[in-house]
Amino acid sequence: MFYGIIMDTVRDGILRSYGPILWKRIVSEVHIPSETFEFYERYDDSILINICDCMVEILNDGTRESFLQFFGANFIHYFYRYGFDKILRVAGRTLRDFLFVIDQLHDSNRFTFPQMQHPLFHVTEEDNHGVILHYKSVRFGLAHFAIGGLSAVASLLFNQKDLNVVIQKDLSTDKYSHIIFHVQFANYKYEVKRLFDLPVLPSLSGTTFFRVFPFSILMDSSLKIHRMGKHIMKAFPDDTPLIGRPLDQVFQLIRPDIHVEWDKILSYGRHIVFLMDNRLPLRVGPTGKIRLKGQMKYIQNKNMLWFLCHPVLESADDMISAGLHLTDLNLFDSTSDLLITGIHQEHQLEATIFKQHLWTKKLPTVQKKLNVCHNKNQRLLYSTMPKHIVHLLQSGVRANSICECQPLVTILFVYCLDIKTISDHLNAADAITCLNKTIVLFDTIADKYDVFKVEIKADASYMLVAGIHDQSHMIVEEQQRNLLSTKLTDESLEVDDEEKDEIEEMHNKNPNGLNSTEIIAALSLEFVRTSEHFYNPISKKPFHLKFGFHSGMAIGGIVGSRNYQYCLFGDTVGIASQVTTTGEIGRIHMTHTAYSHLIEENRYTVEHRGQINIKGKGLTDTYWLTGLNEKSSKVSINSDSTTLKCPFSSPDLTFR
């Protein structure tokens, strides 16, 4: 089982290198319970492997091993970024020193993560070109994770870019993974010359020695206990024989996971921390337990091993279980201080973990609220500019660089001639309320069609456009070509999902496949029919509205640096405006260009008006849209339009 903090380094690597959209997809496909991990919770080891396999499938690039190396490297970078670089830096002056103390670094986390089953790293050979490093773990298939971590340490902490880790041999069994690495680097510190001679110290008697180190065990070459510190002996009953017994009869070796043999202990003893638990019952009873932690030292002139150790005490319960007291502990080490401080900090840690659980329970609710706010923000953006423009801005494209040529759009203007009467006779609040109700009704009708409301001008003109299509691929084509060749970007995933929803929405709004001019024509007819029930609260007569549209090319883009606004430019906008102003109240006026696109399917009835003078174009034929051709096989106007409630449906409406 992995602690959540390990899995969070994996999440962090994906978010930093591939973005949140990919991470959300991985969470869904791998069936991870949440998008975040609790640091002190434990998670199944298989999640990491499944994440690697999922990334290979999604990105169609890399292998399980390459992503494991990526996560191993990010494991080091993660702790480096969040302030743990000092712990890594004090591990050794050189890369060689670091490789010898990896196991001690892991052991330093035993209080924070007591159930962590960390791998064992052990150097058995070295020369000027590197070391032979043994890797043992109860987990399988994670050797490349270790390779990634070693490479990151060499590069980040010791500036050794030429590190090469080769799997020399695989000695794994069905119980544990055992890989032999050849770690190749320039091992300059292999041979260290002594610059001065140390003074010869006087001999020390065994009695004095064991008084100084009351927690220690001396063994001969057959690994039988030759002598033992008095505080260890006091933990066992007086009638239990200890001297002369084999070590593995009195104690069980917990770490490293090796057989208790002279040669193996000599090999591992130089740089590996040993852990032992008692096999024989203690003085406190059969449930008593004492755990000893320390280092094996070889005494060459006696051909003996000295286990210099101390009891592992994480709480007062451990002391009681071992039958020890504070007076039994050495005054020259920090065991007693850590024990007393640890009891106090244990309560603080429990309170912190409890708070974390409470916040974790609130996380789904907060996530839902966040999604609601996100959806509201998206809808607000979609109301001010087309969806594909929103996607471009959210993907990081500079706003003022967005400029699109729309080859064929149809622009509709609706002019209200009553605005001056309303503003002159109503106070500001009532005038705004009156106009707002009218605009809301127009918006409700327009929402049923595949159109975009560009703006409402100060002269009470209502502007709609149909036929705006996504041209963003022309803006970001080169960016996506470069990015997609190396990794899956947030933008590509997000646009794909949005495009599916947008296509479905467009189909629902335009099931008959009308062109932009036919869409505006259908919308105009519904506007006219509904506007017959709009009454001016001052004159008690229907509002005086003019409708007009034109088809042609337009340029669309974002203007402004603080308040972004999507605008359309070109002759098409000006001609549509002029056609509207030269029209008649209650009628739909159109240009010859719009007429030519409208008669292709013969779905509408049209009357020729004659010629009018368009500024910059001269005399131009224009037409009246009079209705829907009942003989047409396809009905364009939505049938539910009559159910809309008009805001001013009675001439008796007044404001107070």
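We count residues from 1, following the sequence as given. Side chains are part of it too, since the values below use all heavy atoms of this structure and drop only hydrogens, waters and symmetry mates.
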- Give the intermediate values and the outcome of side chain to side chain contact (heavy atoms under 4.5 Å, CB included) for residues N187 and D127. CA-CA 7 Å; N187 190 8; D127 56 26; 5.7 Å; no
- Answer yes or no: is there a donor N or O on one side and an acceptor on the other, between the side chain of T9 and the main chain of I6, under 3.5 Å? yes
- Under the 3.5 angstrom rule, does the side chain of N50 hit a backbone N or O of S46 as a donor-acceptor pair? yes
- Considering all heavy atoms of both residues, which atom of F307 and which atom of M276 are nearest to each other, and what is their separation? CE2-SD, 3.9 Å
- Task: Nearest 0.5 Å please: distance from the CD1 atom of I14 over to the CD1 atom of I21.
- Result: 13.5 Å
- Query: Nearest 0.5 Å, what's the NE2-CZ distance between H134 and F181?
  - Reply: 11.0 Å
- Item | Whether over 12 other heavy atoms sit under 6.0 Å from R283 CZ | yes
- Under 4.5 Å between any side-chain heavy atoms of L142 and Y135, yes or no? yes
- Of all heavy-atom pairs linking P256 and L120, the shortest is CB-CD2, 3.6 Å
- Item | Any donor-acceptor pair under 3.5 Å from R11 side chain to E35 backbone | yes
- Message: One pair to check against side chain to side chain contact (heavy atoms under 4.5 Å, CB included): F251 and V260. What are the steps and the verdict?
- Response: CA-CA 10 Å; F251 295 96; V260 183; over 6 Å; no
- Item | Exercise: identify the closest heavy-atom pair between I179 and A143 | CG1-CB, 4.1 Å
- Task: Examine distances only and state if a side-chain atom of S172 and a backbone atom of H178 form a donor-acceptor pair shorter than 3.5 Å.
- Result: yes
- Task: Would you confirm whether N371, through its side chain, and Q367, through its main-chain N or O, come within 3.5 Å as a donor-acceptor pair?
- Result: yes
- Please examine the side chains of M55 and I58, heavy atoms only from C-beta on, and report whether any two atoms are closer than 4.5 Å. no
- CD/E29 to CG/D53 distance, rounded to the nearest 0.5 angstrom? 12.0 Å
- Message: Counting neighbours of NE2 on H226 that are heavy atoms of other residues, nucleotides or ligands and sit closer than 6.0 Å, is the number greater than 12?
- Response: no
- Message: Run I265 and M219 through side chain to side chain contact (heavy atoms under 4.5 Å, CB included) and show every step you take.
- Response: CA-CA 12 Å; I265 291 180; M219 297 160 284; 6.0 Å; no
- Start with the C-alpha gap between L253 and D248, add the side-chain angles, then the distance that decides, and say whether side chain to side chain contact (heavy atoms under 4.5 Å, CB included) holds. CA-CA 7 Å; L253 185 61; D248 61 346; over 6 Å; no
- Query: Is there side-chain contact between I132 and I180, with at least one heavy-atom pair below 4.5 Å?
  - Reply: yes
- Message: Students often mix this up, so state it plainly: with edges at 30° and 60°, are the rings of F70 and F67 parallel, tilted or perpendicular?
- Response: perpendicular
- Message: Under a 3.5 Å distance rule, please check whether N278 uses its side chain to pair with a backbone N or O of I290 as donor and acceptor.
- Response: yes
- Looking at F75 versus F79, is the centre-to-centre ring distance below 6.0 Å? yes
- Query: How far does CD1 of I102 sit from CG of D97, to the nearest 0.5 angstrom?
  - Reply: 11.5 Å
- Task: Using side chain to side chain contact (heavy atoms under 4.5 Å, CB included) as the criterion, point out the one residue from I232, L280, I243 that pairs with V250.
- Result: L280
- Query: When you measure from the side chain of R42 to the backbone N and O of Y3, does any donor-acceptor pair fall under 3.5 Å?
  - Reply: no
- Message: Quick check: H310 with F215 (ring centres under 6.0 Å apart)?
- Response: no
- Query: Counting distance only, does the side-chain N/O of Y43 pair as donor-acceptor with the main-chain N or O of E38 below 3.5 Å?
  - Reply: yes
- Report yes if the side chains of I47 and F2 come closer than 4.5 Å at any heavy-atom pair, otherwise no. no
- Query: Between the side chain of D277 and the main-chain N/O of K289, is any donor-acceptor distance below 3.5 Å?
  - Reply: no
- Item | For the student: nearest non-hydrogen atoms of E126 and F100, plus distance | OE2-CZ, 3.6 Å
- Task: Find the distance between CG (L393) and NE2 (H388) and round it off to the nearest 0.5 Å.
- Result: 10.0 Å
- For atom CG of D170, decide whether the heavy atoms of other residues, nucleotides or ligands shown that lie under 6.0 angstrom number more than 12. yes
- Could you pull out the closest heavy-atom pair between Y18 and L59, with the gap in Å? CE2-CD1, 3.6 Å
- Check whether any side-chain N or O of R64 sits under 3.5 Å from a backbone N or O of I49 as a donor-acceptor pair, and report yes or no. no
- Item | 4.5 Å side-chain heavy-atom contact, I51 and I32 | yes
- Less than 4.5 Å apart, any side-chain heavy atom of L133 and any of F121? yes
- Task: Give, for atom CG of N164 and atom CD1 of I147, the distance between the pair rounded to the nearest 0.5 Å.
- Result: 9.0 Å
- Side chain to side chain, R81 and R16, heavy atoms closer than 4.5 Å: yes
- Item | Side-chain heavy-atom pair R139, F145 within 4.5 angstrom cut-off | no
- Message: Surrounding CH2 of W359 (heavy atoms of other residues, nucleotides or ligands, distance under 6.0 Å), is the total greater than 12?
- Response: no
